[in-house]
Amino acid sequence: QVQLVESGGGLVQAGGSLRLSCAASGRTFSSYAMGWFRQAPGKEREFVASISYSGASTYYGDSVKGRFTISRDNAKNSVYLQMNSLKPEDTAVYYCGSFKFFRATQNIADAGSWGQGTQVTVSS
C-alpha cells in the first residue's frame, strides 16, 4: 500500500480558493485509483471526488460538482484537489485515499490507505 500525506489546507473566506495536495510514497502510485473525502464535525466522512489510474476519468460529489477539480501527476506521485468558490459548508478535514479499483463513487470501506487529513475552514 502507498502512504499518503495531505497538505494545502487552511483558512479562506467564502468565495475563495484552495489547492490541496496529496503526496504518495512507493513506486506503484499509478496502479491506484485515488479519491478525496471530507469529514465535518459530527458528520460522517463524505465522498468528494475520484480519479482513475491515468487521470482520464473523474467523478464528483453533487455538492462540489462544478467548483472542485481533481487531478493527478503520476510522475510526481501526487493527487490534487483544486477548490474554487468555497462555501462555509465546505469546512471539514479533507482526506485522500487510495483504491485498488476505480469506481465513480468510491466506497470508504474499499480504501487501502488514508492520509492524516488537512483542515479546510471557510469563513462567511
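Along the sequence shown, residues are numbered consecutively beginning with 1. No hydrogens, no waters, no symmetry mates; every other heavy atom, side chains included, goes into these values.
Across Tyr53 and Asn74, no two heavy atoms sit closer than the pair O-ND2, 3.0 Å. When all heavy atoms of Gln119 and Val93 are compared, the pair lying nearest together is OE1-CG2, 3.2 Å. Between Met34 and Arg72, the shortest heavy-atom distance links the atoms CG-NH1, 3.8 Å. Contact between Tyr95 and Gly115 at its shortest, heavy atoms only, is CD2-O, 3.6 Å. Taking all atoms of both residues into account, the shortest heavy-atom contact from Tyr59 to Phe47 is O-CZ, 3.9 Å. Val2 approaches Ala24 most closely through the heavy-atom pair CB-CB, 4.3 Å.
The number of heavy-atom neighbours closer than 6.0 Å to CD of Gln3, taken from other residues, nucleotides and ligands shown, is 12 or below. Atom NZ of Lys65 has more than 12 heavy atoms from other residues, nucleotides or ligands within 6.0 Å.
In this structure, the side chain of Ser50 engages the main chain of Ala104 through a donor-acceptor pair within 3.5 Å. Between the side chain of Glu6 and the backbone N or O of Cys96, at least one donor-acceptor pair lies under 3.5 Å.
Interatomic distance, OG of Ser30 versus CG of Asp73, reported as 11.5 Å (0.5 Å rounding).
With sequence neighbours left out, Arg38 forms a salt bridge (Lys or Arg N to Asp or Glu O under 4.0 Å) with Glu46, Asp90.
Residues Arg103 and Asp110 are in side-chain contact: their nearest non-hydrogen atoms beyond the backbone lie under 4.5 Å apart.
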For residues 8-16, dump all side-chain donor-acceptor pairs below 3.5 Å to protein atoms at least two apart in sequence or in another chain.
none

Would you tabulate the side-chain donor-acceptor contacts of residues 78-86 under 3.5 Å, counting partners in other chains and residues two or more places apart, or write 'none'?
unit_1 : atom_1 : unit_2 : atom_2 : d
Ser78  : OG     : Lys76  : O      : 3.0
Gln82  : NE2    : Asn84  : OD1    : 2.9
Asn84  : OD1    : Ser17  : OG     : 2.9

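In this structure, Trp114 is not a member of the same hydrophobic cluster as Trp36, with clusters built from ILVMFWY side-chain heavy atoms closer than 4.5 Å. Val122 and Phe37 fall into different hydrophobic clusters, where Ile, Leu, Val, Met, Phe, Trp and Tyr residues are linked whenever their side-chain heavy atoms come under 4.5 Å apart, directly or through other members. Under a hydrophobic clustering in which Ile, Leu, Val, Met, Phe, Trp and Tyr are joined whenever their side-chain heavy atoms come within less than 4.5 Å, directly or via other members, Val64 and Ile51 fall into the same cluster. Under a hydrophobic-cluster definition in which Ile, Leu, Val, Met, Phe, Trp and Tyr are linked whenever side-chain heavy atoms come within less than 4.5 Å, directly or via other members, Phe99 and Phe29 are assigned to different clusters.
Ring geometry for Tyr94 versus Phe68: interplanar angle of 30 to 60°, hence tilted.
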